[in-house]
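All figures in this text were calculated on a predicted structure; none of them were measured in a lab.
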Amino acid sequence: MAAPLDTAPGDMSMETDLDEIELDLFIEAMRRRHGYDLGQYARASLKRRVQGLVRQHGLDHIGALTARVLRDTAFLPQVVEGLSVPVSEMFRDPFVFSALRTQVFPTLASYPSINIWQAGCAHGEEVYSLAILLEEAGLYERCQIYATDFSDAALARAREGIFPAREARAASLRYQQAGGGMTLADYYHARYDLVKLDAALRRNVVFANHNLATDGVFCEAHLILCRNVLIYFNNALQNRALALFADSLVRGGFLCLGTKENLSTAPVAGNFAAVDRAARIFRAMRPT
């Protein structure tokens, strides 16, 4: 005779276990069917986004989402967009952009050409912020900015350079706090409830799909920005991304992380020296 179950049918712990099983199956389906490795993303954050997709598309459970992902390839872009975290704003943390302008740009000015990799660019707010400051520093003509994300939908939004006008006032203040030399309105045209950034800011930007979980070195860079992306990865994936950045930077190149991110415990920590710990700016050095 079989031993009785510890939990009765419908018990909350059983429902929780079922959710976890369904999440595992979703992760496996995304990897095997579409090549997206989500297994090393921070699980709690990933689960929230997957459950959000379930609600958004009127499904009953994660299993139904998995079934659709397996069978409906046209549905994949919506899923990838829902899994990405395009939460940013122009000149977010203005003191970071001020530190880049005063502590990084003078060194970049010594190079005849400058490669910049903006990893996890989301909708492009930070790409345009950086382009504006580089323009004002007289460096933009020497720059090639590679703006990457694993979401094609996010990249399409970034290429447009169109943002809600309601964000412009706060962005203008942050621009001034970052040390902007003009007014932010000089860089956009407002119409109705939207602002469209000057197309000239995109002239040296390449938007491209790149997945930090699975893809390799993207370019040889003098500056890499990856802000508020690593917080959504587990330790193993954080270490993978940081190793990728270390391999991508020229000697003396700069890495800028989000203000809640660090590399002090990463295996590649010895490859970097802190330039500004508050702004999370580091410089690539020879390994110790």
Side-chain angles (χ1 to χ4, degrees), residues 45 48-58 75-98 100-101 116 118-136 140 145-210 225-232 256-261 279:
S45 175
R48 285 194 298 272
R49 282 176 277 163
V50 170
Q51 290 173 331
L53 280 166
V54 170
R55 292 190 297 271
Q56 178 185 342
H57 294 284
F75 182 51
L76 179 64
Q78 298 177 62
V79 173
V80 174
E81 182 179 17
L83 294 176
S84 64
V85 190
V87 179
S88 191
E89 56 192 11
M90 292 194 70
F91 297 99
R92 182 178 185 175
D93 301 319
F95 75 95
V96 174
F97 285 93
S98 178
L100 288 169
R101 184 175 56 82
I116 298 173
Q118 173 84 55
C121 71
H123 292 162
E125 291 93 333
E126 292 192 352
V127 176
Y128 292 105
S129 301
L130 188 65
I132 287 170
L133 292 186
L134 288 166
E135 188 82 82
E136 293 183 358
Y140 191 55
I145 302 176
Y146 298 95
T148 66
D149 201 278
F150 84 116
S151 168
D152 287 332
L155 290 168
R157 288 275 302 274
R159 289 188 188 97
E160 290 178 342
I162 298 174
F163 303 101
R166 65 178 180 272
E167 300 174 3
R169 183 185 296 274
S172 295
L173 177 59
R174 293 191 298 269
Y175 162 75
Q176 295 294 335
Q177 293 171 339
M182 300 172 64
T183 63
L184 191 58
D186 294 323
Y187 296 101
Y188 66 76
H189 304 282
R191 186 175 183 183
Y192 303 115
D193 57 349
L194 298 172
V195 299
K196 182 175 178 60
L197 290 166
D198 191 336
L201 294 173
R202 294 193 296 277
R203 67 187 185 276
N204 292 344
V205 180
V206 174
F207 292 98
N209 190 294
H210 183 276
L225 299 97
C226 185
R227 304 185 62 232
N228 306 303
V229 174
L230 299 186
I231 55 175
Y232 298 105
C256 181
L257 302 176
T259 56
K260 295 181 180 179
E261 300 165 334

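- Taking every heavy atom of both residues into account, L184 and Y188 meet most closely at O-CD2, 3.3 Å.
- Within the 4.5 Å cutoff, no side-chain heavy atoms of E136 are placed close to those of R101.
- A heavy-atom distance below 4.5 Å is found between the side chains of F97 and E126.
- Ring planes of H57 and F75: perpendicular class, angle over 60° (limits at 30 and 60°).
- Between the D152 side chain and the P77 main chain, no donor and acceptor come within less than 3.5 Å of each other.
- D149 contributes a side-chain N or O that, together with a main-chain N or O of A122, makes up a donor-acceptor pair within less than 3.5 Å.
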Exercise. In sequence, state the C-alpha distance, the side-chain angles, and the governing distance for I116 and L130, and then conclude on side-chain contact (heavy atoms from CB on, under 4.5 Å).
Key: CA-CA 10 Å; I116 298 173; L130 188 65; 3.7 Å; yes

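- Between L100 and L133 there is no side-chain heavy-atom pair separated by less than 4.5 Å.
- Residues F163 and Y128 meet the side-chain proximity criterion, which asks for heavy atoms closer than 4.5 Å.
- Between V229 and C226, the closest heavy-atom pair is CB-SG, 3.6 Å.
- With values rounded to the nearest 0.5 angstrom, D93 atom CG is found 10.5 Å from Q177 atom CD.
- Atoms CD and CE, from Q176 and M182 in turn, are 10.5 Å apart once rounded to the nearest 0.5 Å.
- Without hydrogens or angle criteria, N209 side chain to F150 main chain gives a donor-acceptor distance under 3.5 Å.
- The two atoms that bring V79 and L53 nearest to each other are O-CD1, 3.7 Å, heavy atoms only.
- Checking side-chain atoms of S129 against main-chain N and O of E125 turns up a donor-acceptor pair under 3.5 Å.
- Heavy-atom minimum distance, P164 versus L194: CA-CD2, 4.1 Å.
- Under a cut-off of 6.0 angstrom, the local environment of CZ in R202 is crowded, with over 12 non-hydrogen atoms contributed by other residues, nucleotides or ligands.
- Taking both residues in full, the closest heavy atoms of V195 and A168 are given as CG1-CB, 4.5 Å, listed atom of the first, atom of the second, then distance.
- Between H210 and T148, the shortest heavy-atom distance links the atoms CB-CB, 3.6 Å.
- No donor-acceptor pair under 3.5 Å is formed between the side chain of Y175 and the backbone N or O of M90.
- A heavy-atom distance below 4.5 Å is found between the side chains of I145 and L134.
- The closest donor-acceptor contact from the side chain of E261 to the backbone of N228 lies under 3.5 Å.
- Applying the salt bridge (charged side-chain N to carboxylate O under 4.0 Å, His left out) criterion to R174, with sequence neighbours excluded, gives E89.
- From L197, atom CG reaches atom CD of E160 across 11.5 Å, with rounding to the nearest 0.5 Å.
- Proximity of a side-chain donor or acceptor of Y140 to a complementary backbone N or O of L201 within less than 3.5 Å is detected.
- Considering only heavy atoms from C-beta on, T259 comes within 4.5 Å of R227 through its side chain.
- In this view, E135 and R203 satisfy the salt bridge (charged side-chain N to carboxylate O under 4.0 Å, His left out) rule, not counting sequence neighbours.
- Looking only at side-chain heavy atoms (C-beta outward), L155 and C121 come within less than 4.5 Å of each other.
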